Amino acid sequence: MVESRALVRRWLGSLAVVGLALLFAFSTFPAAESVERWFSLAWYPRLQHVLTPMSNTVPFALLDLLALVALIAVVVAITRAVRAARREHGLAPVGRVVARLVTAAAGLYLVFLALWGLNYRRMPMQDRLVLDRTAPASADVVRLGLDAIAELNALHGPAHAQGWGRDESNDAALTRAFAASQRLLSDAPPAVPGRLKRTLFGPYFRWTGVDGMVNPFGLEVLANPDLLPFERPFVAAHEWSHLAGFADEAEANFVGWLTCIRASRAAQYSGWLYLYWQISGEVSAADRAALWEAVAPGPRADVEAIIARVQRGQLPPLRSASWLVYDQYLKANRVESGVRSYGAVVTLILRARFDPGWVPVRRAS
Ligand SMILES: [Zn+2]
């Protein structure tokens with residue numbers, strides 16, 4: 001009797017966790033205004049101000065530890081269930097372990113939402129900023145590309161003379177610029193920057209052409225180990241933007257670029273190099289060739305070094321499979337455009353109204 005009551009309680013607990021996870025996954029609850037107000041402006045910044053400084057002091061990636069513990073727990077649970085099923089000549093133990101794994105996955109999803117994931121549902125950048133035009137014409141994109149190239153050509157010498165450090169979170173100009181960019185866009189307290197960490201997933205990043213990611217369970221930043229020095233400031237600023245709750249890729253690119261162009265010349269070079277790279281992938285082949293003609297030999301060598309880095313490392317089948325999975329993940333988190341949202345940064349830069357010095361104009365709330 002006592003045992004069966006405990007069993008019922010366990011089943012009810014599991015049902016509640018799975019039901020709650022399904023509710024969050026498939027309903028529009030909570031609405032964007034509530035997420036912005038209660039999560040992004042209140043709970044999340046407090047959490048980030050504790051978790052990121054803590055994970056910065058840990059020399060390894062917390063994600064590696066979590067992944068190893070999870071892997072061992074799953075293997076042990078399945079092995080035990082299979083042994084018990086053999087002993088009992090029935091499938092009940094396997095059913096029980098499946099139910100437990102489903103509950104654990106649902107619980108993990110709820111933790112993901114509470115620690116970071118709800119940022120996917122906050123107020124979109126289009127609602128924060130004054131946007132001037134509807135869709136930019138391809139001539140506007142090319143013009144922005146030429147602006148980026150003019151900056152690259154001018155900054156290449158000074159940026160290389162200045163050089164790039166190994167720890168972006170200790171670059172005072174970059175962290176100041178990150179705080180300034182956030183204040184331009186949101187009323188939330190500025191996020192704490194994270195140190196770019198190496199991870200056991202480094203080879204996976206290399207094979208799939210991923211530059212970096214945020215561990216949503218530790219609010220730490222993990223980076224591709226092969227990044228070239230002049231790529232790192234932008235990747236750092238992009239991932240920090242995720243830490244600041246800009247979950248959408250286009251928004252993180254936008255905030256990352258705004259940050260870099262406010263920092264040292266070495267970081268500015270990194271930001272414009274990213275924008276050139278992004279635009280180059282979006283224009284027609286003829287426009288791409290015309291843009292390339294305008295790039296001076298110095299930045300050209302840097303672009304070629306990036307292409308060589310990516311080609312050396314990637315495994316094309318794994319790369320496309322991994323981006324397909326990420327596309328599905330983004331769509332599951334309400335980013336309708338999936339990975340295409342990376343490119344939406346160009347539209348955002350062209351449509352946003354800027355005061356002099358690339359200061360985006362915010363909408364009156
Ligand atoms: Zn990102």
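As the structure is a computational prediction, the values presented were derived from the model and not from experiment.
When atom types are taken as modelled, the side chain of Asp140 and the backbone of Ala137 share a donor-acceptor pair closer than 3.5 angstrom. Side-chain N or O atoms of Arg300 include one that pairs as donor or acceptor with a backbone N or O of Trp292 at under 3.5 Å. Listed for the Tyr44 side chain is no donor-acceptor partner under 3.5 Å among the backbone atoms of Glu36. Arg195 contributes a side-chain N or O that, together with a main-chain N or O of Asn56, makes up a donor-acceptor pair within less than 3.5 Å. Between the side chain of Arg262 and the main chain of Trp358, a donor-acceptor pair closer than 3.5 Å is present. Proximity of a side-chain donor or acceptor of Gln182 to a complementary backbone N or O of Ala191 within less than 3.5 Å is detected. Judged by distance alone, with hydrogens and angles left aside, the side-chain atoms of Ser55 form a donor-acceptor pair with the main-chain N or O of Thr52 at under 3.5 Å. No donor-acceptor pair closer than 3.5 Å links the side chain of Arg183 to the backbone N or O of Pro190. Thr175 contributes no side-chain N or O that, together with a main-chain N or O of Ser169, makes up a donor-acceptor pair within less than 3.5 Å. Asn119 places no side-chain N or O within donor-acceptor distance of the main-chain N or O of Ala247, the cut-off being under 3.5 Å.
For Ala294, the side-chain contact (heavy atoms from CB on, under 4.5 Å) partners at least two apart in sequence or on another chain are Leu146, Ile149.
Following chains of ILVMFWY side-chain contacts shorter than 4.5 Å, one cannot reach Val74 starting from Leu108, and the two form parts of different hydrophobic clusters. Under the 4.5 Å side-chain heavy-atom criterion for grouping Ile, Leu, Val, Met, Phe, Trp and Tyr, Trp240 is connected to Leu51 within one hydrophobic cluster. Placement of Phe112 and Phe29 within a single hydrophobic cluster is found when ILVMFWY residues are connected by side-chain heavy-atom separations under 4.5 Å, directly or transitively.
One finds the OH atom of Tyr276 at 13.0 Å from the CG atom of Leu144 (value rounded to the nearest 0.5 Å). In this structure, Arg206 CZ and Thr208 OG1 are separated by 10.5 Å, a value rounded to the nearest 0.5 Å. Atom CZ in Arg46 sits 10.5 Å away from atom CG in Leu41 (nearest 0.5 Å). Note: Leu131 CG to Met125 CE = 10.0 Å, rounded to the nearest 0.5 Å. Between the CD atom of Glu251 and the CG atom of Leu185 there is a distance of 9.0 Å, given to the nearest 0.5 Å. In this structure, CZ in Phe60 is found 6.0 Å from CG in Leu62, a value given to the nearest 0.5 Å.
Heavy atoms only, all atoms of each residue included: Pro136 and Arg351 are closest at CD-CG, 4.2 Å. In terms of heavy atoms, Gly271 sits closest to Cys260 at CA-CB, 3.7 Å. The two residues Leu243 and Gln48 make their nearest non-hydrogen contact at O-CG, 3.6 Å.
By the 4.5 Å heavy-atom criterion applied to side chains, Ser40 and Val35 are counted as neighbours. Contact annotation: the side chain of Pro30 approaches that of Arg121 to within less than 4.5 Å [non-hydrogen atoms, C-beta and beyond]. In this structure, the side chains of Phe246 and Phe254 stay at 4.5 Å or more apart for every pair of heavy atoms. Looking at Ile306 and Leu273, their side chains come closer than 4.5 Å, going by heavy atoms from C-beta outward. For the pair Asp355/Val361, a side-chain contact is recorded, criterion being any heavy-atom separation below 4.5 Å from C-beta on. Using a 4.5 Å heavy-atom threshold, the side chains of Asp302 and His160 count as touching. Side-chain atoms of Arg10 and Thr103, non-hydrogen and from C-beta on, never get closer than 4.5 Å to each other.
Environment of CZ in Arg288: crowded, with over 12 heavy atoms of neighbouring residues, nucleotides or ligands closer than 6.0 Å. Leu91 CG: 12 or fewer foreign heavy atoms inside a 6.0 Å radius.
Ring geometry for His238 against His242 counts as perpendicular: the plane angle is over 60°, on a 0 to 90° scale with 30° as the lower cut. Classified by interplanar angle (parallel below 30°, tilted 30° to 60°, perpendicular above 60°), the ring pair Tyr269/Trp164 is tilted.
Residue Trp272 is tested with Trp277, Phe234, Trp257 for a ring pair (Phe, Tyr, Trp, His ring centres under 6.0 Å); the sole match is Trp257.
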field: Audit row: Leu348, Asn253, side-chain contact (heavy atoms from CB on, under 4.5 Å) steps and yes/no
entry: CA-CA 10 Å; Leu348 200 51; Asn253 283 333; over 6 Å; no
message: Asp226 vs Arg309, test: salt bridge (Lys or Arg N to Asp or Glu O under 4.0 Å). Steps then yes/no.
response: CA-CA 7 Å; Asp226 302 339; Arg309 162 183 84 73; 5.6 Å; no
field: Candidate pair Phe178 and Ser241, rule side-chain contact (heavy atoms from CB on, under 4.5 Å), full reasoning
entry: CA-CA 8 Å; Phe178 177 52; Ser241 308; 4.3 Å; yes
